[in-house]
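What follows is a short report on a single structure.
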Amino acid sequence: MMRATRGWMMTVAAALLASGSAMAQTAPMTDDPYIWLEDKDGAKPLAWVEAENAKTLPRLQNDPRYATFYQQALAIASATDRIPMPEQTFGRIYNFWRDADHPRGLWRWTTEADYATANPKWTVALDVDALGKAEGKQWVWHGTTCLPPEERFCLVQLSEGGEDAESMREFDLKTGQFVEGGFALPKSKQGAAWLDRDTLLVSRDWGAGTMTNSSYPFVVKMVKRGQPLSAATEIYRGEPTDQLGSYARVLTDAEGHRVVLIGRRQTFFGGDTLVWTPQGVKKLPIPPRAQPVGMVDGRVIFQTSDPWGDVPAGAIAWAPVAEVEAGRPAPRLLFRPTPRQAVQSVAVTKDRVLVSYTDNVRGRVSVFSPTADGFGKRDVAVPDNMAVGFASTTDRSNTAYMTVTGFITPTRLEVLDAASTAAPKVVKTLPARFDATGQVVEQFEATSTDGTKIPYFLVHRRDRPLDGSTPTIMTAYGGFEISRLPTYLGATGKLWLENGGAFVLANIRGGGEFGPAWHDAGRKTKRQIIYDDFASVARDLFRRKITSAQKLGIYGGSNGGLLMGVEMTQQPDLWNAVSIGVPLLDMVRYQQIAAGASWEDEYGSITKPDEAAFLRRISPYANLKKGVKYPEPYIWTTTKDDRVGPQHARKFAARLKEYGMPYFYYEDTAGGHSGDADIAQRAKLDALQTTYFAQKLMGPAPAR
């Protein structure tokens, strides 16, 4: 599930019967015997977890392939020749780094000139492993929030075990130490913005009645240096019914302009945007899904998923900061994508706006420079069939770092002078992690149940037979306007492609591959079309004789885990293996579990009759049926997940057990929703899943 949207948060077919699935006929559940498994940290549920792990792990780890997969995944995750991705802060290049000697990670820095060399000399700012050992905590790095414009002082964000809830402590980049007596915000789901050197605007758990029903803060207070939190001054208050709470943000630019904004998120995707001044708060008359993303030359840049005046949905707009401060911004168009294009990210430099977008799911980049009455545009030359993103920008300079990557093309880091017409220069390139000899990438289209063309990427050996015999794994996400784009396969290439498997990425609706309309087509009660899209891609693979149902496995996590659960229960005959990670599965009770109430804008609500009926029809937990031959799934989650929660996975496995159906269940005790508290955990999860797919799609391990 998405952790952040459009820069505001702290750092994811009208009817089910359209698919023709017999699985849709299950009656709604009126009694749930597994409510007890929703006690996330209770002794009885944890004992159940321990027993399930004890059954699953030997089945996978005793496979001779597991040890090889684990060592290969660990070697890739801990390799010291990875690209140290840059973060431009305090006139330096910072980087967060994990390896075998530092599994929790090092926050370190070097100069920009030294960073460009083959072997930069790094100075450690913070050793997270050492800090955790000294304090007796399992700290997981969550990032920093720094004070502009100098950016010398930062709030370091640390999570215990990988939860979304985190602690924040003030750190001095000049001295390389935590500030004695500095700002310290105890554990909470929270956000903070620097108003000035001695003032923070903080959203957090202030006590009873200050967190939304979905567990996010909706009260913003001003915290002064040296002041206890109990003395903080309230500047804005949302409502407990808001889905994502309220957070402050301070936008600045190189010209010295500044504007303080508050985002109140009544729904996951939108809400009110307000401007704050010492005189008070004013709501801006802008659409709910228009979000400020930066400021250049005194112009506030907005990305919008709703029409706004003459600016269409999916475009980028701007307005003078004076109009924003006055509460009357009039939108001007900066960038309008075509129907087959979609904005992926927006970044600002000293005096430029950078936009990365896709054209039929292929990466593009344009640079926009201020003119007297608008912006001029120039396109940046980037390779075709690749994904392009921004690794780091700063409003202190026009230097921008971009990533360029493809499925079988190792990621490279390029530096772009946004103020120059010169082509980007390659700074660093990731060494190949697998042998891509003979591998090809193709893009095809499947036809969904309503006639819509659904693009998908296929990575496979050029000489594979066209007889349906290729072991293939397929994934997608299909929600929250999140795009799934080409990315270097790394461990998947080593563990799967090198062993003769093929890989498929389906760009189904619900995502953002073709802008807001692609997402909106599958929201709430229209969601069945997402599941039809995915099944249509599988059938297209069969039609092309690339693979077959006996050789096809699918996987996804979070909302993608829900996708897998629905596909397993609706279309059990299309796959022989289903990996369901950190999933939503009980869609009847999802709003009562962890942060589930925040996703009503995506899934709908059980409190609304038409939406409730639809949720019951698609809920994997509600639609398991006795006597149906399902593929034996691999279900995995983490105890520390405080976003989706492990409850869904536990209950789904318990229902399968009740019905006498086979399954694998594994729950890791750390890692939060992302499942990567350290590199060893990530390697273990990769190896377990790949072993499962090898057993199901490639057969028993060869005898030694």
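Heavy atoms only: backbone and side chains are in, while hydrogens, waters and symmetry mates are out.
Using a 4.0 Å cut-off between charged nitrogen and carboxylate oxygen, D540 and K453 do not count as a salt-bridge pair. The pair R527-D532 does not count as a salt bridge, with every side-chain nitrogen at least 4.0 angstrom from each carboxylate oxygen.
Applying the salt bridge (charged side-chain N to carboxylate O under 4.0 Å, His left out) test to R523 and every residue at least two apart in sequence or in another chain returns D520, D601. The salt bridge (charged side-chain N to carboxylate O under 4.0 Å, His left out) search around D533 returns R509, not counting sequence neighbours.
Q341 and R336 share no side-chain donor-acceptor pair at under 3.5 Å. Between the side chains of D359 and Y357, not a single donor N or O lies within less than 3.5 Å of an accepting N or O. No side-chain donor-acceptor contact under 3.5 Å links Y70 and D686. Looking at D641 and H673, their side chains do bring a donor and an acceptor atom within 3.5 Å of each other. For the residue pair T637 / E667, no side-chain donor-acceptor distance below 3.5 Å is found, with atom types taken as modelled. With hydrogens and angles left out, the side-chain atoms of Q344 and T358 include a donor and acceptor closer than 3.5 Å. Checking Q570 against R617 by side-chain atom types alone, no donor-acceptor pair falls below 3.5 Å. Looking only at atom types and distance, the side chain of K684 has no donor-acceptor partner in the side chain of Y66 under 3.5 Å away. Side chains of T470 and K551: a donor-acceptor N/O pair is absent below 3.5 angstrom, by distance only. There is no side-chain donor-acceptor pair under 3.5 Å between T411 and T403. Remark: the D306 side chain and the T304 side chain contain no N/O donor-acceptor pair separated by less than 3.5 Å.
Going from atom CG of L505 over to atom CG of L458 covers 11.0 Å, rounded to the nearest 0.5 Å. Distance CD1/I408 to OG1/T437: 9.5 Å, rounded to 0.5 Å. Here the straight-line distance linking atom CE of M85 with atom NZ of K428 works out to 10.5 Å at 0.5 Å rounding. Interatomic distance, CZ of R539 versus OG of S448, reported as 9.5 Å (0.5 Å rounding). Distance check, rounded to the nearest 0.5 Å: CE of M564 to CG of L584 gives 13.0 Å. Taking CZ of F69 as the start and CG of D63 as the end, the distance is 7.5 Å to the nearest 0.5 Å.
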Audit row: I316, V346, side-chain contact (heavy atoms from CB on, under 4.5 Å) steps and yes/no: CA-CA 9 Å; I316 302 172; V346 182; 3.6 Å; yes
Residue pair L563, I508: steps toward the side-chain contact (heavy atoms from CB on, under 4.5 Å) verdict: CA-CA 11 Å; L563 170 65; I508 61 179; 3.9 Å; yes
Chi angles and distances behind the side-chain contact (heavy atoms from CB on, under 4.5 Å) call for I554, E567: CA-CA 9 Å; I554 57 176; E567 298 297 347; 3.9 Å; yes
Audit row: T638, D668, side chain to side chain donor-acceptor pair (under 3.5 Å) steps and yes/no: CA-CA 5 Å; T638 73; D668 205 308; over 6 Å; no
Intermediate values then yes/no, salt bridge (charged side-chain N to carboxylate O under 4.0 Å, His left out), R340 and E445: CA-CA 14 Å; R340 296 300 284 180; E445 288 184 335; 3.6 Å; yes
Residue pair V504, I473: steps toward the side-chain contact (heavy atoms from CB on, under 4.5 Å) verdict: CA-CA 6 Å; V504 175; I473 54 175; over 6 Å; no
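S619 places no side-chain N or O within 3.5 Å of a backbone atom of L615 that could act as its donor or acceptor partner. Side-chain atoms of S598 come within 3.5 Å of backbone N or O of A595 as a donor-acceptor pair. Judged by distance alone, with hydrogens and angles left aside, the side-chain atoms of N576 form a donor-acceptor pair with the main-chain N or O of K696 at under 3.5 Å. Under a 3.5 Å cut-off, the side chain of Q550 and the backbone N or O of T547 do not form any donor-acceptor pair. At distances below 3.5 Å, at least one donor-acceptor pair connects side-chain atoms of T475 with backbone N or O atoms of Y555. The main-chain N or O of A491 is never found under 3.5 Å from a side-chain atom of Q72 such that the two would form a donor-acceptor pair. Remark: the backbone N or O of A502 is not paired with any side-chain donor or acceptor of T472 at under 3.5 angstrom. For the pair T405 (side chain) and Y488 (backbone), a donor-acceptor distance under 3.5 Å is present. Side chain of R289 to main chain of S305: a donor-acceptor pair is present (N/O by atom type, distance under 3.5 Å, no hydrogens or angles). Without hydrogens or angle criteria, S483 side chain to E513 main chain gives a donor-acceptor distance under 3.5 Å.
R364 places none of its side-chain heavy atoms less than 4.5 Å from the side chain of V388. Between S469 and S548, every side-chain heavy-atom pair lies at or beyond the 4.5 Å cut-off. Between F368 and L334, some side-chain heavy-atom pair lies under the 4.5 Å cut-off. With contacts defined as side-chain heavy-atom distances shorter than 4.5 Å, the pair Q528/I618 qualifies. Between L562 and P583, every side-chain heavy-atom pair lies at or beyond the 4.5 Å cut-off. A 4.5 Å side-chain heavy-atom check between V343 and F335 finds at least one atom pair inside the cut-off. Looking at heavy atoms from C-beta onward, Y456 lies out of side-chain contact with M474 at the 4.5 angstrom threshold. Looking at heavy atoms from C-beta onward, M587 lies out of side-chain contact with R616 at the 4.5 angstrom threshold.
For F457 and F444, the distance between ring centers is not under 6.0 angstrom. Remark: aromatic rings of F302 and W308 are close, center separation under 6.0 Å. Between Y692 and Y634, the ring centre distance stays below 6.0 Å. Here the two rings, on F269 and H519, have centers that are under 6.0 Å apart. In this structure, the ring of Y621 has its center no less than 6.0 angstrom from the ring center of Y590.
Taking all atoms of both residues into account, the shortest heavy-atom contact from L430 to P410 is O-CB, 3.0 Å. Annotation for A77 and R82: closest pair O-NH1, 3.1 Å, computed over non-hydrogen atoms. In terms of heavy-atom proximity, P424 sits nearest to E414 at CB-OE1, 3.3 Å. Counting all heavy atoms, side chain and backbone alike, F390 lies closest to L354 at CZ-CB, 3.5 Å. Closest heavy-atom contact between G363 and V382: O-CG2, 3.5 Å. Among all heavy-atom pairs drawn from A538 and W575, the shortest one is CB-CZ3, 3.5 Å.
Other residues, nucleotides and ligands contribute more than 12 heavy atoms inside 6.0 Å of the CZ atom of R378.
Judged by the 6.0 Å distance and 45° axis criteria, R59 is positioned over the aromatic ring of F664.
The aromatic rings of F480 and Y603 sit perpendicular to each other, their planes meeting at more than 60°, with 30° as the lower class boundary.
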